[in-house]
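All values below were derived from every heavy atom in this structure, side-chain atoms included, with hydrogens, water molecules and symmetry-related copies excluded. Numbered from 1 within each chain, the chains take letters A, B, ... in sequence-line order.
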2 protein chains.
Amino acid sequence: MSPAPPSHVSTLSPDALEALVERVVSRIQHQAQLEAVPPDPVLRGTWQDTTALRRLVDAGATRVGTDGDAPDGSRQLARYIDHTLLKPTATRADIVKVCEEARRYGFASVCINSTWVGLVARLLDGSRVMTVCVVGFPLGAMVTVAKAAETRQAIADGAQEIDMVINIGALKGGDHDRVFDDISAVVDAAAGRPVKVILETSMLSRDEKIVGCAVSKAAGAQFVKTSTGFGGGGATVQDVALMRAVVGPQMGVKASGGVHSSADARAMIAAGATRIGASASVAIVTGGSAKGAY
Amino acid sequence: MSPAPPSHVSTLSPDALEALVERVVSRIQHQAQLEAVPPDPVLRGTWQDTTALRRLVDAGATRVGTDGDAPDGSRQLARYIDHTLLKPTATRADIVKVCEEARRYGFASVCINSTWVGLVARLLDGSRVMTVCVVGFPLGAMVTVAKAAETRQAIADGAQEIDMVINIGALKGGDHDRVFDDISAVVDAAAGRPVKVILETSMLSRDEKIVGCAVSKAAGAQFVKTSTGFGGGGATVQDVALMRAVVGPQMGVKASGGVHSSADARAMIAAGATRIGASASVAIVTGGSAKGAY
């Protein structure tokens with residue numbers, strides 16, 4: 001008797017996958033007003049209006065004000081943000097700085113390359129801020145075994161979430177089995193920690209985005225994510241709405257790349273994003289705006 | 001008794017490394033006319049002059065004309081070129097095409113991301129064209145264990161050379177031990193296959209380039225290489241001459257990024273390059289010029 005296969009590997013035949021994709025494409029094509037996805041009520045509004053804010057709290061919006069900070073919602077917004085530093089030139093001193101900022105402003109996480117995971121996990125120890133590690137980054141063209149090895153090491157070093165890049169060339173070439181197996185191997189290696197799949201939407205057609213979302217969901221990922229910030233394009237409201245429509249309400253959607261201001265971040269959340277990836281995080285929560293690739 | 005350490009790991013203390021770097025910097029600073037590094041005689045000349053070509057052959061330049069092709073030296077030039085396709089959007093069909101081109105024009109190798117090594121090694125089987133795989137590409141910020149795993153898998157899949165990216169942030173932060181250990185681990189994982197260390201020169205100061213070369217040599221690499229093609233800058237004649245001066249005559253120097261024409265390639269070789277990385281390889285050997293990031 002051969003051993004039982006892992007729970008979500010090889011359970012999706014090419015035919016079944018094609019059928020899934022067909023169903024998803026069909027559902028999307030018949031769904032009216034994609035861009036009218038309801039905004040998250042917790043973050044709707046300008047937050048300059050404290051009456052409106054109080055009304056939301058009265059209505060049961062438990063996250064509002066629980067951190068006891070200003071009524072502009074900046075701390076609530078901070079909890080959506082993966083504070084991100086992925087530049088190859090980043091030094092230890094730069095990494096220490098983003099960890100300090102993440103603690104101070106209450107960001108959801110610090111998102112870094114795998115060489116920094118051990119340091120970041122130590123610096124964030126005892127805080128609510130998570131350690132998030134990118135894998136196969138930013139090209140996604142790393143062999144599956146190496147993506148899995150990078151994931152295992154990141155988890156061992158203290159990563160709590162994994163942001164992997166999809167095999168873009170395999171996706172564009174129609175090799176969906178390979179895309180599925182690649183994601184599945186990372187999900188297995190993450191051993192229960194959430195995996196986000198970066199699609200690099202600027203390089204994909206609409207159908208490829210849909211297939212990428214469907215395969216990510218089938219392979220056990222917990223989030224889909226728009227962009228690496230290195231691929232010449234970033235998150236758009238349209239892509240976030242499309243991704244949210246494909247994956248449904250249970251999965252996370254992360255908008256990343258080109259999110260420079262509070263207005264950008266709120267627009268993404270209104271379109272269906274549940275996480276924001278940004279390097280301009282401090283500007284976003286302090287009401288400013290910053291330029292940068294990510 | 002503890003087991004003996006691997007041959008070149010941990011043999012270089014921080015003090016010894018500092019001393020090495022000091023010696024190298026000192027040697028460079030006192031070396032006159034860096035840019036007057038002697039050109040490779042095999043490729044010196046315009047190659048439009050068949051008399052000069054015949055004179056070189058008579059003088060013992062064994063590689064000239066041995067492939068029986070045109071007297072412009074294009075086939076000799078081809079043997080210097082790693083024909084390169086690293087775009088994340090490359091599909092199987094694109095990879096097959098570069099392998100066919102490499103066989104037809106006699107390039108030194110096909111250089112690809114690790115997801116494609118198995119396919120490329122099969123397609124090149126029985127030819128003189130090598131399979132070259134990039135590792136930790138293009139940011140170099142992948143944890144060492146993952147770079148080693150990617151290297152081992154690439155070798156198992158048929159890679160004959162490894163082009164790894166140096167840990168740029170560790171280099172810039174002055175953490176030379178970490179840079180050394182990272183390269184050493186890949187050299188060990190490559191199990192005797194040559195390792196090229198990509199410095200990403202456009203992101204480094206002159207001193208960082210010198211240290212990067214010195215540490216690469218100390219850690220057992222066989223080549224230093226200028227650029228990934230994804231870092232916003234490419235090879236320059238000045239950088240190639242500097243790298244050649246630091247590593248001495250025994251190591252290889254690969255010029256990559258922005259090499260678009262035969263003239264570009266010959267200038268790099270004249271400055272001390274022994275290998276060229278290019279995606280415009282066909283244009284280079286057929287006398288044209290092409291634009292592109294790499």
Under the rule for side chain to side chain contact (heavy atoms under 4.5 Å, CB included), what residues qualify as partners of A:Ala154, not counting sequence neighbours? A:Val117, A:Cys133, A:Ala159, A:Ile162
Of all heavy-atom pairs linking B:Leu86 and A:Leu139, the shortest is O-CD1, 3.7 Å
How many angstroms lie between atom OG1 of B:Thr115 and atom CG of A:Asp175, to the nearest 0.5 angstrom? 9.0 Å
Partner residues of A:Lys196 under the side-chain hydrogen bond (donor to acceptor under 3.5 Å, both in side chains) criterion, sequence neighbours left out: A:Asp82, A:Glu161, A:Asp163
Pairs under 3.5 angstrom only: tabulate donor-acceptor contacts from the side chains of residues 140-149 of chain A to other protein residues two or more places apart or in another chain.
from	atom 1	to	atom 2	distance (Å)
A:Thr144	OG1	A:Asp182	OD1	2.6
A:Lys147	NZ	A:Gly140	O	2.9
A:Lys147	NZ	A:Val165	O	2.9
A:Lys147	NZ	A:Asp182	OD2	2.6

Which residue out of A:Met203, A:Gln153, A:Arg152 racks up the most heavy-atom pairs below 4.5 Å with chain B? A:Gln153
With a 4.5 angstrom heavy-atom cut-off, is it the side chain or the backbone of A:Arg178 that approaches chain B, or both, or neither? side chain
Heavy atoms of B:Ile168 and A:Pro88 approach each other most closely as CB-O, 3.5 Å
Contacts with chain A made by residues 90-97 of chain B (heavy-atom distance under 4.5 Å), listed by residue number: B:Ala90, B:Thr91, B:Arg92
Evaluate whether atom NZ of B:Lys87 has more than 12 neighbouring non-hydrogen atoms of other residues, nucleotides or ligands under 6.0 angstrom away. no
